[in-house]
Amino acid sequence: MKYITSLDGKEYLVEILDDRRISVNGQIQEIDFVSVRGQPVHSLIMNGKSYESYVYETEEGLQVLLRGRLYNLTVEDEREKRLRATAGAGAGTSGEFNLKAPMPGLIVSIPVNEGDQVEKGQVLLILESMKMQNELKSPKNGTVARLRVKPGETVEQRQALLSVT
Amino acid sequence: MKYITSLDGKEYLVEILDDRRISVNGQIQEIDFVSVRGQPVHSLIMNGKSYESYVYETEEGLQVLLRGRLYNLTVEDEREKRLRATAGAGAGTSGEFNLKAPMPGLIVSIPVNEGDQVEKGQVLLILESMKMQNELKSPKNGTVARLRVKPGETVEQRQALLSVT
Amino acid sequence: MFKKVLIANRGEIAVRIIRACREVGLGTVAVYSEADRQALHVRYADEAYLLGPAPARESYLRMDKIMDIAKKSGADAVHPGYGFLAEREDFAQACVDAGIIFIGPKPSAIAAMGDKAVARATVVKAGVPVVPGTEDVGNMTNEDLLAVAPRIGFPLLIKATAGGGGKGMREVRAIEEMPALLMSARREAESAFGDGNVYLEKLVEGARHIEFQIMADAHGSVIHLGERECSIQRRHQKLLEESPSPALNEDLRAKMGAVAVKSAQAVEYLNAGTIEFLLDKNDNFYFLEMNTRLQVEHPVTEVVTGIDIVKEQLRIARGRSMSYKQEDVKWTGAAIECRVNAEDPFNGFMPSTGQIVQSIQPTGPGVRVDTGVYPGFEITPYYDPMIAKLIVWGETRAQAILRMRRALEEYRIVGVRTNIPFHQTLMDSHRFMGGQFDTRFVEERFSLEDAVENKESHPEIAVALATLVAHQQTQRAAQIVRRNERDASNWRWVGRWERMHR
Amino acid sequence: MFKKVLIANRGEIAVRIIRACREVGLGTVAVYSEADRQALHVRYADEAYLLGPAPARESYLRMDKIMDIAKKSGADAVHPGYGFLAEREDFAQACVDAGIIFIGPKPSAIAAMGDKAVARATVVKAGVPVVPGTEDVGNMTNEDLLAVAPRIGFPLLIKATAGGGGKGMREVRAIEEMPALLMSARREAESAFGDGNVYLEKLVEGARHIEFQIMADAHGSVIHLGERECSIQRRHQKLLEESPSPALNEDLRAKMGAVAVKSAQAVEYLNAGTIEFLLDKNDNFYFLEMNTRLQVEHPVTEVVTGIDIVKEQLRIARGRSMSYKQEDVKWTGAAIECRVNAEDPFNGFMPSTGQIVQSIQPTGPGVRVDTGVYPGFEITPYYDPMIAKLIVWGETRAQAILRMRRALEEYRIVGVRTNIPFHQTLMDSHRFMGGQFDTRFVEERFSLEDAVENKESHPEIAVALATLVAHQQTQRAAQIVRRNERDASNWRWVGRWERMHR
């Protein structure tokens, strides 16, 4: 099975040869990969070197936390890569941003109104959790839409709060 | 639901009244009982006192390990109790004893042969596990039967080894 | 002599206090909210009573219920821990009125020191230097404060009078910012302490936050156990503490220690407390506030002095003389504490909640972990994000840093994101290693991203790991689909099983 | 100066050594058997290489493979830990021949001390008192030993010349028992050390087992770090160790320490080692043997002296002078170590195997846990049953005992049975508390059952717990049956899910 894995704009061609060998950009590497089902902790011994890391799935791809450093990667198989190439590079950045609650908590205040023009970095909402007030900011310029919550409400993790179009 | 629970020859009548109350020998006790599925650790708050214990199932009943002390108990519901009373007290002690491997290991030697008369406490088999040699003894007088293993063999936990009839 | 202690707290500090009580043979009574039925302090205590729903206002701040439980259980002493009711004069007074020993100072001392404005006035009278700010005032309105501010000068700090832990604290660079910041500071103070009062203080720039541990008994003895360096902060929250401070020498320690003792004496202090100072670049120091309770970071002092502060608190509360005189207090080696918080350092330190699925604590020589969480425990949004304190001791500060590095790398917490990578990066920072930092260091001169850039990178390993994980998921998904084709009703169980299997 | 250390061991001691290496900046190479792929030492090391199948003979005793891995990985030093190859002269020699530093004594010292019979002869020449027994003999046949036995007198001990940890040791009360016991001793020694040689030693009755920690560097300095009391044993296996010993005073410590140093000097000893003595009721002491390696119970010495013995071993192996002179060694307070074994104290201490499902370690002030296991790890029958060492420190022995009590009660290990209840009962024993015990105490004068009888009993609580658990099972079984009636194919998943869900 062949994959194209991207890290910091650089693409690596990775082939899973068998249980004990992979090839990265054509170089064969001996591996011993162990993971515990349902847990994001993985142990990899590659050419005798022992690494242990957390690997998290996010909406954008995979995050690898290795020795205190976080790597953001995307992994595609060849078919996906071709499909994406045909469709043209992702039109993602200009799309709609849906603000979801990053954790359960209490809406303290919403300093914006529906229809407001907001700038990248502007505070959209203040959420209190674990006795700390957290400012949730807009990742882009745009217009506030679909405001679904009110100050004083408690929200669940990942609950939709508002959108910026 | 009513149960008869025995400890050291003494019987206790226990009734589960609801989620928060049980009665033990007619005395109502307020309880808060929490256990983790699949794990033998249980937390019981009874009338404000907090206890935590391991409860293990064995062939003979239940073992409760509480503050460094082990209690051996049997629990029967009323129907079971009546059935047992009708059938006459258990004829168990004179029955056959099946020696099973208490842990995986290597059979070091078997100082008895099929058909041998053995006494209670006599060594039936030596099993090596964790670098220690363990002597497995007969819990009763009787005759060795159905010797199923040979010295040098490795055995799995709970594998049948021999019987004493 | 009391026999049974009610611990009016939760989490690691409740566990810490239960341990001390057990080691001196005292009975323990835990209280808990609905969110904490499975918490370690409930499991470890001799007795445990439900307070109410998860929010602190309905549970750990319910003084009335706690007093009822104390009476019902026959507890004859109360230990408040830190936070919640620990610095509430009325709670200490309620204990006194009920004939229950409050393990801490007298209500009058809490009142004098607990209101930060009164505290300043009190120590000034005793000749202790303070940071310039609003003096002798309790309930100042926003108008009053806006009027006073220019006289103090900018930059300045808005601080909650009932404050602690950086809550309700705001930095003001110019008068224009002040109205909005006053509002948010009061809002946060009100929510954290039930008291929206604030005061102003000049911002001492380039300052270190140095605090002294004080112990005082009922026989007139007041001693200090040396300092803790607490300058590593973010949003006025301490993240790391150490003892001794790299900025102090023996002379300065003796001088500041003497002032700390004097400050405590000014309010006839009893039991454990902490005097916080700002120390500027020229070794000038200013009284900041006194925390009239056990401090989160007390273990670094325990580790370098060998003194069990909580046991000593119990001893003092029982009316006995302290086990130590000032000259008995000796400091050996260096200790560092990292606060492990459930928050994502790569995403603006956003709090992270969820069930702890696995936790492997670092152990071995010179390592101590104080925590109230374990696998299976749920981290909820109701309380503080601090889930553990990792404390190490080394013969020297350098050895303590090296030990902390290995301990941080060993620590595995699965189920929530933690700030461990932040601490790992900090341990690699040359400024931290050199002891060259002030209270603004983390926010102004330390960037996790920049620091990480300079660390050894393993891109190929990350690539291999991500690809292997993605591959594994693809394979498993395919298997599930295949099973599913045979028997659609299995789907639900497979999914659950996949999540649960370990 | 070496840079990378291969750790030729597994379990907690491999983890312990990796920690020390990491804290001084040395690279680490782990080796592992097929049963240990998920072991902590593999997860924590910088590099890890497979040795072979689970049995030690095919993995951790495979000297050839370990030397190959050392060369392949570029390791320039080897730490053998304890057990396995730690006291094999040929292994130390193989390292020397390959130009790899062996972190331990010279092969000649291992040879002199490793063969217990030769060791006795060597120290006798240096004027050190020994227990009467077979002298100057290596390969005695059963006939020789049977002939010599009456001259030594009964009771006597058969001991493995390559021995340690009580393996291959048998007590003989009369000549008639001896042939059978010789056979079983040789069999056990052969299986444990690959060497069936044994010797005889008079059994000193009512004796304590006291050992001294020795450190020696290449610059001629030899010091001792005080004693460890190791009389709490069962089947010649140490179960609990402490420092200091309740039986020693300062004079006796100095006297025995000096003899220990002399014993080490007799073989030009280098690095860490332990001199074991028997101490009788009249303060007479006899050299028993020297363990030419790091000892399981080294942490109690670390805790009372503040000296990191493994780091000091690395320093010595690098050819540097020790960090301490004899007069720098100070002892503070008291330390106790309980060995936590996977065995059932209520069922003849039968080993217990299985997967660790949960593990909550005691933590807090003065507590250290050295372990290689964690939730998810499998305890197999292939290796030693010791899964953790629980070490506590207290200002006094009494405080250490109280602390150990609370730590034992906190410790939760789910998945295997452990001997923690044994230790809990021991901590309640008046004879133990009074320090009144010898090496036969556990077997002859301490009964878990009797001791338990005297403990506070909670029959009603046990009854409630058992009934609630039984009730819960009945309810769950009923639910499963009901589900099953609807959809038989779910059965398998339900069962699995039930087991896995936490």
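Only heavy atoms go into these numbers, but all of them, side chains included; no hydrogens, no water, no symmetry mates. Convention: sequence-line order gives letters A, B, ...; per-chain numbering from 1.
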Give, for atom OG1 of D:Thr380 and atom CE of B:Met130, the distance between the pair rounded to the nearest 0.5 Å.
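One gets 6.5 Å once the value is rounded to the nearest 0.5 Å.
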
Region of [X] in contact with chain B, defined by heavy-atom distances below 4.5 Å:
X	value
D:Ala56	neither
D:Leu468	both
D:Gln473	side chain

Closest heavy-atom contact between [X] and [Y]?
X	Y	value
D:Ala464	B:Ile22	CB-CD1, 3.9 Å
B:Arg69	D:Phe346	C-CZ, 4.4 Å
D:Pro459	B:Tyr12	CB-OH, 3.7 Å

Out of B:Met1, B:Gln157, B:Glu57, B:Glu128, return the one with the most heavy atom pairs under 4.5 angstrom to chain D.
B:Glu57

B:Leu127, part contacting chain D, at a heavy-atom distance under 4.5 Å:
neither

Relative to chain B, which of D:Asp428, D:Thr353, D:Ile379 shows the most heavy atom pairs under 4.5 Å?
D:Thr353

As an exercise: rank D:Pro385, D:Gly348, D:Ser191 by heavy-atom pairs under 4.5 Å with chain B and give me the winner.
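Sorted descending by pairs with chain B, the first entry is D:Pro385.
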
Side chain of D:Tyr382, backbone of B:Ser129: donor and acceptor closer than 3.5 Å?
no

Is there a donor-acceptor contact under 3.5 Å linking the side chains of D:Arg235 and B:Gln133?
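No, because no side-chain N or O of D:Arg235 sits under 3.5 Å from a partner of the opposite role on B:Gln133.
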
So for atom CD, which belongs to B:Glu30, do other residues, nucleotides or ligands contribute more than 12 heavy atoms lying within a distance under 6.0 Å?
no

When you look at D:Arg412 and B:Glu52, which way does the side chain to side chain contact (heavy atoms under 4.5 Å, CB included) test go after all the steps?
CA-CA 10 Å; D:Arg412 298 272 174 277; B:Glu52 193 164 298; 2.4 Å; yes

